[in-house]
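Each remark here refers to the structure printed beneath this line.
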Amino acid sequence: MDLLRDLNPQQREAVTTGDGPVLVLAGPGSGKTRVLTQRAAYLIGERGVQPYHVMAVTFTNKAAAEMGDRISELLGRQTHGLTLGTFHATCARILRVEAEYLPVDSNYVIYDQDDQLSVIKQVMKDHNIDDKRYKPRAVHGAISGAKNELFLPEEYPIDSYRDEVVARVYEGYQNMLLTSNAFDFDDLLLWMATLLSDHPRIREKYARRFEHILVDEFQDTNMAQYTLLKLLASHHRNIFVVGDSDQSIYRWRGADYRNVMRFEHDFPEAEVILLEKNYRSKQTILDVAMSVIDRNPHRTPKRLFTDRGSGQKIVVKELYDEREQAGYVVDTIRKQVDTKQAKPADFAVMYRTNAQSRLLEEAFLSANMPYKLVGAQRFYGRREVKDIIAYLRVIWNPEDIVSLARIIGTPPRGIGTKTYAQLRTKAQQLGLSPGELLVKMAPDESPYRDRFSSRAARVLSSFGSLLAGWREIHDQVPPVEVVDQVLEDTDYRTYIEDGTEEGKDRWENVTELRRLASEYHTVGLREFLEDVALVSDQDTLEEGVDAPTLLTLHAAKGLEFPRVFIVGLNEGVLPHRRSFDDPEAMQEERRLFYVGITRTEDRLYLTHALNRYTYGYMEPTEPSRYYRDIPRDLRMEEGGNVYQKTSRRSSRIFKPWDEDDAPEVERKKTEREYDPGEKVKHPKWGKGIILNSKIQDEDEVLDIYFDSVGMKKVIASLANLEAQN
DNA sequence: GCATCGGATTTTTTT
DNA sequence: AATCCGATGC
């Protein structure tokens, strides 16, 4: 059958296995997304399952879209009714349908990080909580963590005075969200799980509907996600999850790779399938990756192997500072492009923190080389973009207090904190939201105007009229026309374009948002607002542009590139200093590095700087501890270290390739005849690749992966192996 | 109400 | 370095 062509035995097993829970443990580059896609296509095409009865969860919207396309392609037809998307998007959709069981209306808005933080700040102000003593971000983190663990405000565990404060803010926070008719990201998961566990009829409805559930990146699910999956799978128990604990990098967001173990516990009948063979990287890359990840405790050792050949050694490069590091990256890319060794799009540059992108961007810019920057926050976080979206949100849902607070004085229209406070007070007295009251103040003869001073009444009602006007058209015309009307009525361009370069830039962002809105002419404001709220960083990656990609290590998950730079391999950056005092976090730093390495197909460059700017001051920095774990024979220092301005201090700094600090990795001195990575032919089992070789009882014992039968242990002297080129 | 200035504070990663 | 916050002056 065509669907199963080009699959190895393990992949085929995963795709075609029968009903019941399945756990696919898949190393990097082992084709797990492919397995997931083919599985979905197989269920629909071969097993006759209706698309309506299948749910597939991916990590990004882009991955979902690609998966959808691929399934259609495999089946040769469209798959209407298939539920396919990220956890958040899928929940958001279902929650709108089931809104009658929820504390919000079906036109609720979704608050992003910024919105959430401003709610926290407001609530803390209302409760007279000192925001120096209790950092809003930290409080928010605690609340978000609680939500991911499915704790409601009244269930928040209290062990200290600090917990009491958090619990109080949590309660106020949740109230403010609900009176704003808003959910935050965590609510989407929390309420979905709550809905399913509190309403047996709804649980049955969806549990019966989703005969098959498929989940990608399972190692990065949190408790809320795990719980709702379990509830959704409670009827058919056909849950197919794919993951790799070594690639779990979202612990700080509540993700818990131990869900893999929970799964085995909760679904003891689960079939476990291992995908080990790597189709992406050269063996050297995999060896480097293993040398790094093997240092993490409490993990099941995994062997990464490929038949793509050993490949070149990785390059390690030391630079004077981050500016020269960026210059090195750009020079190296240009050299290879000029000599036609590679094309621009073959390259990716990865870093730990977003701030590191700036110098890289500048270097690309001054070299006149285009680049692609991955990061939704970069665009949607812009003030001007947020302003316009806030307008749309208030138009869509006048109860949205956060967005109203943002736009009521932007651009300035005579409504400041005082007037806005009056509006809020009066609205509360009337049992209305401030937004609703504004709309009611619009008519000339509106009785609500009398409740304010003449000045306040004038400015408020004039803004109310604008709002009422937009409200009237918002469900009659395509989103882009609403945007245009807002821009016109507020004279937003004059406000933003102040003649400076920056102003021009900002207006361009507004124009870009307008363009994005224009793509929603067949659907409505709801879809636009929802997509805007739930875009992931990876969704902003443009395909088809021949330029290098700049992205964080987190954003790199699931992607692959022929040539990869990982920059900033410095102590404090990678691993990040914020993780130093938490062993679990340190393990995650290592996994993050591992994820970066394993994105590489052919060539890997690791760079670090001797000096770094922190808070505006230049400081010497040590190379990352991870260098010590990479065997020396897998790497080379690129010749001619041009940058020798080493200061007295930095010259004493540990150099990753110094003999004294040579890796402590055990390199067994043996008389082995075969090495891992070599290809051989066995008289009975045919072609295979050597994964491991060790001397045991004076004989060489080989672990070989055969195309025909998979893993076998073989005694070299007895097996009659034939070497293959 | 709003613009501007100075000082403090900051950086992890993102749906 | 860049952003955020509050105080100040108009």
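Chain identifiers are assigned alphabetically (A, B, ...) following the order of the sequence lines, protein sequences preceding nucleic acid strands; residue numbering begins at 1 within each chain.
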Would you please say whether a donor-acceptor pair under 3.5 Å links the side chains of [X] and [Y]?
X	Y	answer
Gln587(A)	Asn296(A)	no
Gln225(A)	Lys230(A)	no
Tyr257(A)	Asp220(A)	no

Closest heavy-atom pair and its distance - Thr419(A), Gly414(A):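 Closest approach of Thr419(A) to Gly414(A), heavy atoms only: OG1-O, 4.2 Å.
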Kindly give the heavy-atom pair with the smallest separation between Leu438(A) and Leu460(A), and that separation in Å. CD2-O, 3.4 Å
Would you classify [X] as touching base, sugar-phosphate or nothing, given that sugar-phosphate means primed atoms plus P, OP1 and OP2, and contacts are heavy atoms under 4.0 Å?
X	value
Arg413(A)	sugar-phosphate
Ile415(A)	sugar-phosphate
Arg455(A)	sugar-phosphate

Could you tell me if [X] sits above the aromatic ring of [Y], with its cationic atom closer than 6.0 Å to the ring centre and no more than 45 degrees from the axis?
X	Y	result
Arg253(A)	Tyr250(A)	yes
Arg162(A)	Tyr134(A)	no
Lys557(A)	Phe59(A)	yes

For atom P, what is the distance between dC4(C) and dT13(B), given to the nearest Å? 15 Å
What integer number of Å spans the P atoms of dG6(C) and dT11(B)?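 One P to the other, the span is 16 Å.
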Using whole Å, report how far CG of Asp130(A) lies from P of dT9(B).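 These atoms are roughly 11 Å apart.
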Over how many whole Å does the gap from Asp321(A) atom CG to dA1(C) atom P extend? 13 Å
N-O pairing of Asp115(A) and Arg393(A) below 4.0 Å: yes
Is the shortest distance from a Lys or Arg side-chain nitrogen in Asp256(A) or Arg258(A) to a carboxylate oxygen in the other one below 4.0 Å? yes
Which residues, if any, of residues 417-424 of chain A bring a heavy atom under 4.0 Å of DNA chain B?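 Thr417(A), Lys418(A), Thr419(A), in order of number.
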Hey, would you say the Tyr111(A) and Phe183(A) ring centroids sit under 6.0 Å apart? no
Can you tabulate the close N/O pairs, meaning under 3.5 Å, that link protein atoms to atoms of nucleotides 10-15 of chain B?
residue	atom	partner	partner atom	Å
dT10(B)	OP1	Lys135(A)	NZ	3.2
dT11(B)	O3'	Arg578(A)	NH1	3.2
dT12(B)	OP1	Arg578(A)	NH1	3.3
dT12(B)	OP1	Arg578(A)	NH2	3.1
dT12(B)	OP2	Arg578(A)	NE	3.2
dT12(B)	O4'	His576(A)	NE2	3.3
dT12(B)	O2	Arg352(A)	NH1	2.7
dT12(B)	O2	Arg352(A)	NH2	2.0
dT13(B)	OP1	Asn354(A)	N	2.7
dT13(B)	OP1	Asn354(A)	ND2	3.2
dT13(B)	O4'	Arg352(A)	NH2	3.4
dT13(B)	O2	Trp252(A)	NE1	3.0
dT13(B)	O2	Arg352(A)	NH2	2.7
dT13(B)	O2	His554(A)	NE2	3.4
dT14(B)	OP1	Asp537(A)	OD2	3.1
dT14(B)	OP1	Thr552(A)	OG1	3.0
dT14(B)	OP2	Asn354(A)	ND2	3.0
dT15(B)	OP1	Asp537(A)	N	2.5
dT15(B)	O4'	Arg253(A)	NH1	3.4
dT15(B)	O3'	His88(A)	ND1	3.4
dT15(B)	O2	His88(A)	NE2	3.1
dT15(B)	O4	Gln113(A)	OE1	3.2

Using a cutoff of under 3.5 Å, can you pull out all pairs of nitrogen or oxygen atoms linking the protein to nucleotides 5-7 of chain C, with atom names and distances?
residue	atom	partner	partner atom	Å
dC5(C)	OP1	Lys121(A)	NZ	3.0

Find which nucleotide of DNA chain C each of Arg358(A) and Arg383(A) is nearest to by heavy atoms, and output the residue with the more 5' nucleotide.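 Its nearest nucleotide lies further toward 5', so the answer is Arg358(A).
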